[in-house]
Amino acid sequence: MKINLIAVGKKMPDWISEGIEHYKKQLPKNYNFAITSIESQSRKSTNPEVIKSLEEKLILDAASDSTLLIAFDELGKQQTSKELSKSIEKWQLNSESVALIIGGADGLSSDLKQKCNLIWSLSSLTLTHSMARLLVVEQIYRGYSLLSNHPYHRS
């Protein structure tokens, strides 16, 4: 199994990077978890659809070896932590290469969303891109802890 979090955005605050590293280093090596950061495209006098299209190409290039594409979008299906852990378990059993995609400030292009196998929502709240990254990494760790009966998750 391989999980690649592909995220578009600017440099993250140090405390977010530290939080991500905290959870990342607790994941087992067989999770083969990576984060691919894609620099936000310049928004100066450029149509948001053009920006999303440029970002789409970069995202798809980064996800080229993935067998399963999952985009995060405010209109996607919300998952519980237990549902996410079941997805992780399935990915392990099927030796999936999963790309989890967080778009840029203007979101994801409709073409990219159509190419994704699933569209999930992180929250009904609006999150910064750096907070979304931290949340995804923490939830991947939480899913691992549920599958390994680690006491991190409490029901």
Side-chain angles (χ1 to χ4, degrees), residues 1-25 27 30-81 83-144:
M1 173 183 72
K2 178 180 179 185
I3 301 173
N4 185 10
L5 172 59
I6 302 169
V8 178
K10 301 284 184 196
K11 184 179 180 328
M12 295 179 297
D14 289 342
W15 65 273
I16 292 278
S17 297
E18 290 167 11
I20 288 171
E21 285 307 310
H22 169 78
Y23 291 109
K24 219 175 125 179
K25 72 181 180 187
L27 290 170
N30 69 334
Y31 268 51
N32 196 9
F33 180 77
I35 298 176
T36 302
S37 295
I38 295 174
E39 184 76 22
S40 297
Q41 298 300 298
S42 175
R43 299 176 79 199
K44 294 179 183 171
S45 68
T46 304
N47 180 323
E49 294 307 313
V50 172
I51 292 170
K52 289 192 280 190
S53 180
L54 292 169
E55 291 173 349
E56 174 186 349
K57 180 177 178 357
L58 296 170
I59 290 166
L60 289 174
D61 286 348
S64 63
D65 67 343
S66 299
T67 56
L68 184 64
L69 301 177
I70 302 172
F72 290 104
D73 183 82
E74 64 186 347
L75 301 177
K77 182 180 184 294
Q78 292 212 2
Q79 302 289 303
T80 66
S81 295
E83 288 170 335
L84 177 60
S85 73
K86 294 291 184 196
S87 293
I88 292 171
E89 184 174 46
K90 190 168 84 175
W91 301 340
Q92 286 176 312
L93 291 172
N94 296 332
S95 299
E96 295 276 7
S97 178
V98 180
L100 302 173
I101 302 166
I102 299 172
D106 293 307
L108 297 168
S109 71
S110 57
D111 286 345
L112 177 58
K113 287 190 256 187
Q114 288 177 356
K115 292 174 185 169
C116 289
N117 304 89
L118 299 166
I119 303 200
W120 288 350
S121 173
L122 286 174
S123 172
S124 297
L125 301 171
T126 301
L127 303 171
T128 65
H129 286 77
S130 55
M131 288 293 292
R133 286 186 203 197
L134 178 58
L135 181 60
V136 170
V137 177
E138 189 276 339
Q139 285 298 300
I140 295 295
Y141 173 70
R142 184 175 296 277
Y144 158 72

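The residues of the chain are indexed from 1 along the displayed sequence. This one's a predicted model, so the numbers in the text were calculated from it and none came from an experiment. Hydrogens, waters and symmetry mates are skipped; everything else that's a heavy atom, side chains included, is used.
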Answer yes or no: is there a side-chain heavy-atom contact under 4.5 Å between [X] and [Y]?
X   : Y    : answer
N30 : M1   : no
I20 : M12  : yes
I59 : L108 : yes
F72 : I101 : no
K77 : Q79  : yes
I70 : L68  : yes

From [X] [atom1] over to [Y] [atom2], what is the distance, rounded to the nearest 0.5 angstrom?
X    : Y    : atom1 : atom2 : answer
S130 : L135 : OG    : CG    : 11.5 Å
Y141 : F33  : OH    : CZ    : 13.5 Å
H22  : W15  : NE2   : CH2   : 14.0 Å
T36  : L5   : OG1   : CG    : 8.0 Å
I6   : S37  : CD1   : OG    : 10.5 Å
I38  : I102 : CD1   : CD1   : 11.0 Å

Check whether [X] reaches the backbone of [Y] with its side chain - one donor and one acceptor, N or O, closer than 3.5 Å.
X    : Y    : value
D73  : I119 : no
E83  : T80  : yes
H129 : G104 : yes
S97  : D65  : yes

Is a donor from one side chain sitting under 3.5 angstrom from an acceptor on the other, for [X] and [Y]?
X    : Y   : answer
Q139 : S81 : yes
E55  : S40 : no
E96  : T67 : yes

Could you check E49, E56, K57 and say which one makes a side-chain hydrogen bond (donor to acceptor under 3.5 Å, both in side chains) with S109? E56
Counting only heavy atoms not in K86, do more than 12 fall under 6.0 Å of its NZ? no
Side chain to side chain contact (heavy atoms under 4.5 Å, CB included) against P48, all qualifying residues, sequence neighbours excluded: D106
Would S123 and Q78 satisfy side-chain hydrogen bond (donor to acceptor under 3.5 Å, both in side chains), going step by step from the backbone distance to the final call? CA-CA 7 Å; S123 172; Q78 292 212 2; 5.4 Å; no
Taking the basic N atoms (NZ, or NE/NH1/NH2) and the acidic carboxylate oxygens, is any pair closer than 4.0 Å for E21 and K25? no
